[in-house]
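First the structure, in the form of structure tokens, and then the observations on it.
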Number of protein chains: 2
Amino acid sequence: MASIKDVAAEAGVSVATVSRVLNDHPSVSAEARARVLAAVGALGYRPNAVARSLRTEKTQTLGLVISDVLNPYFTALARSVEEEARALGYSVIIGNADERPDLQDHHVRNLLDRRIDGLLVSPTDGGSPLMLDAARAGTPMVFVDRWIPGVDVPVVRADGRSAVRDLVAHLHGLGHRRLAIIAGPAATTTGRERVEAFREALGAYGLELPDAYIGQGDFQAESGRRVTEGFLDLAEPPEVVFAADNLMALGALDAVRARGVRVPEDIALAAFDDIPWFVHTDPPITAIAQPTGELGRAAVRALVARIEGRPGESVTLPARLVVRRSCGEQPDSLEPSPVTNRSQT
Amino acid sequence: MASIKDVAAEAGVSVATVSRVLNDHPSVSAEARARVLAAVGALGYRPNAVARSLRTEKTQTLGLVISDVLNPYFTALARSVEEEARALGYSVIIGNADERPDLQDHHVRNLLDRRIDGLLVSPTDGGSPLMLDAARAGTPMVFVDRWIPGVDVPVVRADGRSAVRDLVAHLHGLGHRRLAIIAGPAATTTGRERVEAFREALGAYGLELPDAYIGQGDFQAESGRRVTEGFLDLAEPPEVVFAADNLMALGALDAVRARGVRVPEDIALAAFDDIPWFVHTDPPITAIAQPTGELGRAAVRALVARIEGRPGESVTLPARLVVRRSCGEQPDSLEPSPVTNRSQT
DNA sequence: CTGAAAGCGCTTACAG
DNA sequence: CTGAAAGCGCTTACAG
């Protein structure tokens with residue numbers, strides 16, 4: 001592969017001049033520029049990004065450590081992150097933690113070793129020493145979706161509180177009184193917050209959230225299934241199951257279907273995170289939609305700000321309730337077309 | 001950040017010795033090794049992968065250029081690719097082409113500039129000069145899922161022919177005679193092959209595939225919707241719509257739902273690519289499932305073989321039909337649990 | 001405007 | 001077993 005030396009030789013100039021042309025440095029004569037460009041074309045020369053990075057101490061690369069790529073919410077988030085990063089001149093390397101702290105650490109370490117310019121993370125747990133050290137050491141970093149309290153890092157996320165209140169109002173209005181939740185891991189902020197928001201919203205109607213109605217899930221489908229089976233085995237099963245993410249809702253649907261229980265006649269189902277398929281499930285599922293695309297873009301902007309030495313603020317965007325038929329009753333309003341929905345990402 | 005010089009100074013040895021310890025070179029005294037390791041620990045030293053790559057001309061990185069990350073099939077593929085790569089000591093950088101040749105080229109170029117050790121690609125089109133040049137120039141490369149004929153690059157893919165025959169047999173057995181397909185782009189191998197396989201399978205029953213029953217899609221949901229609307233507007237609409245990927249099936253479902261048409265009573269629907277949600281759609285969707293996880297792993301193994309100078313063969317794995325209710329009739333057999341399904345990836 | 005030279009952080013023959 | 005030195009491919013003060 002041709003190097004800058006070859007180009008210099010071909011153009012009859014020094015490598016410094018070639019470098020200047022390549023980097024649009026102003027002080028290059030028009031003639032030298034033309035010769036260099038011609039040589040670049042003739043040799044099919046492409047600058048070696050590795051060498052450039054070593055020299056400039058910039059890789060123009062962002063790391064994104066995500067909890068689970070197979071979760072459509074995170075896939076959409078990753079996509080919008082990549083788009084915004086590309087627009088700002090960065091590439092992104094995605095590390096899939098699969099909800100495993102050890103894998104998360106593997107990726108953080110790998111990304112740091114590769115000298116990424118900044119790190120976007122949606123932590124799987126309360127934060128490993130490695131990640132906390134990186135933050136303390138001044139690695140530009142931004143939390144997205146989930147975060148770690150007490151760490152001085154901007155947080156870009158959705159606030160689901162008001163949407164959860166809307167959901168509970170909807171459920172209460174339909175006459176439901178025994179509401180259960182499939183919670184995410186208590187080690188994650190979203191795992192805790194969604195339960196708390198649900199409990200608070202219930203409180204406003206004088207309803208309790210008994211321990212038997214809090215099933216411990218891990219944001220994966222299998223846990224949603226297991227927890228739902230437990231709910232169905234209760235002497236007094238809940239009238240509603242609220243899954244704290246879309247994969248656990250999938251598992252809940254599996255469990256319900258295996259038992260021959262009907263939704264919403266026998267049990268109502270709602271989910272946090274909306275996905276295109278929820279329009280077409282049997283029945284269509286009432287869900288809380290996050291502004292995923294906007295979150296990804298805001299997170300990248302905050303991270304790039306930090307990289308460039310600017311402040312980079314936290315951003316909180318509201319989630320919203322999308323009513324469908326899985327909790328009973330007809331939708332209050334016309335459903336937006338699901339294809340249109342996709343454009344939100 | 002501490003460099004190898006700092007470690008050498010701290011340990012009282014040369015940087016060469018530090019490097020040897022770090023790379024498990026045998027000729028290092030136990031004592032020197034211990035001192036270096038202690039210094040590494042004390043300084044929290046991590047080797048700079050950028051510098052190492054420049055020197056060794058190896059990045060231990062694979063590039064994966066994928067047609068569309070939001071497509072669950074490709075998400076699953078990307079995940080298995082990353083897993084296998086990690087097991088073999090490689091990281092992977094994913095480039096999402098979004099079915100756009102220009103974006104595909106952007107990513108290929110970017111990956112090449114970063115000097116990835118090898119490239120895995122599922123081409124969006126017939127192949128840009130850039131990609132063909134890279135292959136010709138000897139960049140280790142493997143095609144996965146889709147490929148470009150006439151290029152000397154191993155291909156790892158699923159063969160859907162027999163599954164498509166099974167599908168047509170199933171449809172014919174249910175009495176359907178007017179079968180239509182939502183095709184993928186003719187510029188892609190999978191786009192062409194699925195239509196051909198369908199046409200051949202129909203031929204075995206003396207059925208034709210008239211042009212009016214071939215809708216041109218682009219593997220995205222919106223095109224599935226548009227094509228399906230066209231089918232429904234026909235004087236003699238088809239009895240079956242077979243979508244060549246899962247996203248176009250989603251679009252078809254949108255269109256059918258918007259018209260108030262019932263599946264399978266008014267029209268049957270089947271899809272290429274199976275996803276967990278197909279178990280829970282209304283009705284559950286008959287689909288052709290690819291061994292996605294195995295494809296991803298095989299592709300990585302073939303690529304790494306090429307990188308290491310070994311042959312690296314092409315692999316073709318069979319896809320299989322999963323019958324559900326969207327074409328009429330009850331499933332022939334018990335549906336495997338969808339959570340179990342996921343483990344295939 | 002241009003070039004020679006230093007240096008980014010590593011690895012690896014080479015000599016001892 | 002160990003170290004001095006060269007070199008990977010760039011960029012960038014510095015001097016002219």
Side-chain angles (χ1 to χ4, degrees), chain A residues 1-40 43-61 89 91 109-117, chain B residues 1-40 43-61 89 91 109-117:
Chain A
M1 199 161 278
S3 84
I4 195 170
K5 274 191 199 167
D6 303 313
V7 177
E10 172 86 11
V13 299
S14 72
V15 296
T17 298
V18 176
S19 177
R20 289 195 188 96
V21 171
L22 264 20
N23 292 290
D24 285 315
H25 188 99
S27 49
V28 182
S29 69
E31 199 224 323
R33 182 180 309 276
R35 298 237 301 280
V36 167
L37 261 16
V40 165
L43 298 172
Y45 170 72
R46 294 252 86 210
N48 182 327
V50 175
R52 178 177 291 184
S53 291
L54 177 61
R55 178 57 225 243
T56 60
E57 301 192 301
K58 287 182 183 348
T59 51
Q60 293 299 114
T61 304
S91 296
R109 192 180 333 259
N110 182 256
L111 262 6
L112 258 20
D113 286 353
R114 285 163 183 275
R115 301 301 191 262
I116 45 138
D117 295 336
Chain B
M1 199 163 274
S3 83
I4 195 170
K5 275 190 198 167
D6 303 315
V7 177
E10 172 86 11
V13 299
S14 71
V15 296
T17 297
V18 175
S19 178
R20 290 196 188 94
V21 171
L22 263 20
N23 292 290
D24 284 317
H25 188 99
S27 52
V28 182
S29 69
E31 199 223 325
R33 181 179 310 277
R35 296 235 304 278
V36 168
L37 260 18
V40 165
L43 298 172
Y45 171 73
R46 294 252 84 208
N48 181 328
V50 175
R52 177 178 291 184
S53 292
L54 178 60
R55 178 57 226 243
T56 60
E57 302 190 300
K58 287 185 183 344
T59 50
Q60 293 298 114
T61 304
S91 296
R109 192 178 333 258
N110 181 256
L111 261 7
L112 257 20
D113 286 353
R114 287 164 180 274
R115 302 301 192 264
I116 44 139
D117 296 336

Residues which pass salt bridge (charged side-chain N to carboxylate O under 4.0 Å, His left out) with Arg35(B), listed by chain and number, not counting sequence neighbours: Glu31(B)

- prompt: Whole Å only: how far is the OH atom of Tyr45(B) from the C1' atom of dG9(C)?
  reply: 7 Å

query: So, for Met1(B) and Asp6(B), which heavy atoms are closest and what is the spacing to 0.1 Å?
result: O-OD2, 4.3 Å

query: Val13(B) side chain: which of dC10(D), dT2(D), dG3(D) is closest?
result: dG3(D)

- request: Name every residue in residues 4-12 of chain A that has at least one heavy atom under 4.0 Å from any atom of DNA chain D, in order of residue number, or write none if there are no such residues.
  value: Ile4(A), Lys5(A)

Interatomic distance at C1', dG16(C) relative to dT12(C), whole Å: 16 Å

- prompt: Sequence neighbours excluded, which residues qualify as side-chain hydrogen bond (donor to acceptor under 3.5 Å, both in side chains) partners of Ser3(B)?
  reply: none

message: Holding to side chain to side chain contact (heavy atoms under 4.5 Å, CB included), I want the full list of residues that pass it with Arg52(B), two or more places apart in sequence or in another chain.
response: Asn23(B), Pro47(B), Thr56(B)

message: Taking salt bridge (charged side-chain N to carboxylate O under 4.0 Å, His left out) as the definition, give me every residue that meets it alongside Arg109(A), ordered by chain and number, with sequence neighbours left out.
response: none

- prompt: Could you give the CG-to-P distance, from Asp24(B) to dC1(D), as a whole number of Å?
  reply: 14 Å

Protein-nucleotides 12-16 of chain D N/O pairs closer than 3.5 Å?
from, atom 1, to, atom 2, distance (Å)
dT12(D), O4', Arg55(A), NH2, 3.3
dA13(D), N6, Arg20(A), NH2, 3.2

task: Grab the CZ-P distance between Arg35(A) and dC1(C) for me, whole Å please.
output: 15 Å

query: Considering residues at least two apart in sequence or located in another chain, which fulfil the side chain to side chain contact (heavy atoms under 4.5 Å, CB included) criterion with Thr59(B)?
result: Val50(A), Ser53(B), Thr61(B), Arg115(B), Asp117(B)

task: Give the rounded distance in Å between these two atoms: CE of Met1(B) and P of dC10(C).
output: 10 Å

task: With rounding to the nearest 0.5 Å, note down the distance linking CZ in Arg46(A) to CG in Leu112(B).
output: 9.0 Å

query: Shortest non-hydrogen contact from Ala39(A) to Glu10(A)?
result: CB-CG, 3.4 Å

field: Between C1' of dG9(D) and CZ of Arg114(B), the distance in whole Å
entry: 16 Å

- request: Runs of at least three consecutive Watson-Crick or G-U pairs, both distances under 3.5 Å, are what I'm after; which ones involve DNA chain D?
  value: C:1-3 with D:14-16, C:5-12 with D:5-12, C:14-16 with D:1-3

- prompt: Between dA5(D) and dC1(D), how far is it from one P atom to the other, in whole Å?
  reply: 23 Å

query: What is the distance from CD of Gln60(B) to P of dT11(C), rounded to the nearest Å?
result: 12 Å

statement: Whole-Å distance, Leu22(A) CG to dG9(D) P, equals 15 Å

message: Could you report the tightest heavy-atom contact between Val13(B) and Val36(B), atom names first, then the distance?
response: CG2-CG2, 3.8 Å

Atom of Gly89(B), atom of Gln60(B) and distance for their closest heavy-atom approach: O-NE2, 3.0 Å

- request: Round to a whole Å and report the spacing from NE2 of His25(B) to P of dC1(D).
  value: 8 Å

field: Residue whose nearest DNA chain D nucleotide is more 5′ - Glu57(B) or Ala32(B)
entry: Ala32(B)

- prompt: When all nucleic acid strands are considered with a 4.0 Å heavy-atom cut-off, which category describes Ser29(A): base, sugar-phosphate, or nothing?
  reply: sugar-phosphate

field: Residues in side chain to side chain contact (heavy atoms under 4.5 Å, CB included) contact with Ala9(A), at least two apart in sequence or another chain
entry: none

message: Just to verify, what does Val15(B) make a side chain to side chain contact (heavy atoms under 4.5 Å, CB included) with, not counting sequence neighbours?
response: Ile4(B), Lys5(B), Ala8(B)

